[in-house]
Amino acid sequence: MPDVFADLVGQDEAVTELRRAAAAAAAVLRAAATDRTPALVAAGEAETGAGTPDPSAGMTHAWIFTGPPGSGRSVAARAFAAALQCAYGTGCGECPGCHTTMGGTNADVRLVVPEGLSIGVGEMRALVLRAASTPSGGRWQVVVIEDADRLTEAAGNALLKAIEEPPPRTVFLLCAPSTHPDDISVTIRSRCRVVPLRQPPATAVAEVLVRRDGIAPDVAQWAAAAAQGHVGRARRLARDPEARKRREAVLAVPRRLTGVGAAFDAASALIEAAEAEAEASVAEADTAERAALETALGAGGTGRGAAGAIRGAAGQLKELEKRQKSRATRAQRDALDRALVDLAGFYRDALTMALRAPVDPVHTDTAALAGAGAQKWDAEGSLRRLEAVLACRAAIDANVKPRIAVEAMMLALWKG
Ligand SMILES: [Zn+2]
């Protein structure tokens, strides 16, 4: 049985640091059990203190995992949470602490996964309050916040207060793309230790697909390269024929751009494909949630009062619909972003070929097409097109309407 860090692909430095921290955290617990200096050292102070080595020096109560999407931020946070709850302090992968944390059932590990576009203040306050309680398993209360960059300002402030005056046994693990102030407020950042994750190399991604998911080596290699270091995306490409079909449609775009009309058609197709993909990904959860809420509210009941209960429940259903809509918007943006990353990979291939750079193509299956593009556009034209794709991503990120941003991009790709 591999330990809890096994799936953190190509992140040796981070894993070393987290193992050391987990060992230090275990030392803190042992010291507390024997009544010796049980305090954690705050972030930033650990390495500056001269004199006798402190057994807790590798550990602190607030962490930020940063890295590009798919690099394994949340995988790292969960693995570290498991190591903190591990009976041996190592993340052995076998003890109940490791098992329950990795399985998402540990009572002392709370996971916040924002479904909509942001994490609200109400949710954060409730979380902070519960995180202050004594850990029932006798080790740590761990709060994992995925996509901490989606905290609202008010939620960020509620979190900051907890991080500034942390309960003695509470550990906060935040995940964000970077420590840029747009992603994480400077004050929260200053209270946390940062664990930067890298984009894992394709060979490491392929290796884990073969070992963990039993995917054939040649398929794993192709998928790892095509996914550009995104582990989850690589697995989906290797396993899901629908995902492969969507990718092929995206990579057919450069060939289809033969005029203004075709550019607008391509924009529509891309937007609609993202919508369809998003709808498919949330539909099941939406239906299940609605059914669960209706059951809880007594729908389908035939007794007296059932109709009245439904009327009173309209507000709750509305609230659910609002949440679901927000999640659908997020899913659409994520789907569109994946398509744009694929497209950027294609023009990057054209650029590296035009420059005769000694690097492997991202998309081996469209390498010939990218080569033809390189000849036609030269390095400058390839670079302009790559920039058009990146500008589209940036515009959508800055809340430009996706259709408008994509139309502008397609025209730029056509004109060159
Ligand atoms: Zn364990």
Side-chain angles (χ1 to χ4, degrees), residues 1-34 36 38-41 43 46 54-65 67 71-113 127 130-146 166-175 192-193 195 197 200 204 207-208 211-214 231-232 235:
M1 176 85 198
D3 80 5
V4 295
F5 293 107
D7 288 344
L8 200 50
V9 185
Q11 311 291 354
D12 297 347
E13 277 169 47
V15 169
T16 303
E17 183 178 4
L18 295 175
R19 283 189 197 285
R20 183 171 159 255
V28 171
L29 293 180
R30 277 197 301 276
T34 55
R36 289 185 295 117
L40 281 185
V41 179
D54 184 331
S56 69
M59 183 58 190
T60 187
H61 64 273
W63 298 73
I64 301 179
F65 297 87
S71 57
R73 298 178 304 227
S74 59
V75 176
R78 280 179 217 224
F80 186 41
L84 291 175
Q85 305 298 12
C86 175
Y88 307 102
T90 58
C92 68
E94 287 175 350
C95 73
C98 284
H99 253 293
T100 52
T101 306
M102 296 307 272
T105 58
N106 190 297
D108 293 332
V109 179
R110 264 166 267 286
L111 187 67
V112 183
V113 186
L127 188 80
R130 284 174 60 197
S133 58
T134 308
S136 59
R139 298 188 69 87
W140 305 94
Q141 284 278 8
V142 184
V143 178
V144 180
I145 302 176
E146 287 191 10
R169 287 289 184 85
T170 306
V171 180
F172 292 93
L173 308 179
L174 281 55
C175 308
C192 297
R193 193 176 299 168
V195 181
L197 301 175
E207 191 269 327
V208 81
R211 173 177 58 74
R212 183 188 60 191
D213 304 315
V231 183
R235 184 170 52 227

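Counting starts at 1 for both ligands and their atoms, in listed order.
A donor-acceptor contact shorter than 3.5 Å links the side chain of Arg169 to the backbone of Arg139. Judged by distance alone, the side chain of Arg73 and the main-chain N or O of Phe65 form no donor-acceptor pair under 3.5 Å. Listed for the Thr100 side chain is a donor-acceptor partner under 3.5 Å among the backbone atoms of Pro96.
Between Asp3 and Arg19, at least one side-chain N (NZ, or NE/NH1/NH2) sits under 4.0 Å from a carboxylate O, which counts as a salt bridge. A salt bridge is defined here as a Lys NZ or Arg NE, NH1 or NH2 lying under 4.0 Å from an Asp or Glu carboxylate O, and Asp7 with Arg212 meets this definition.
Each protein N, O or S atom less than 2.8 Å from the Zn ion (ligand 1) was counted, giving 4.
Of the N and O atoms on the side chains of Gln141 and Arg110, at least one donor lies less than 3.5 Å from an acceptor on the other residue.
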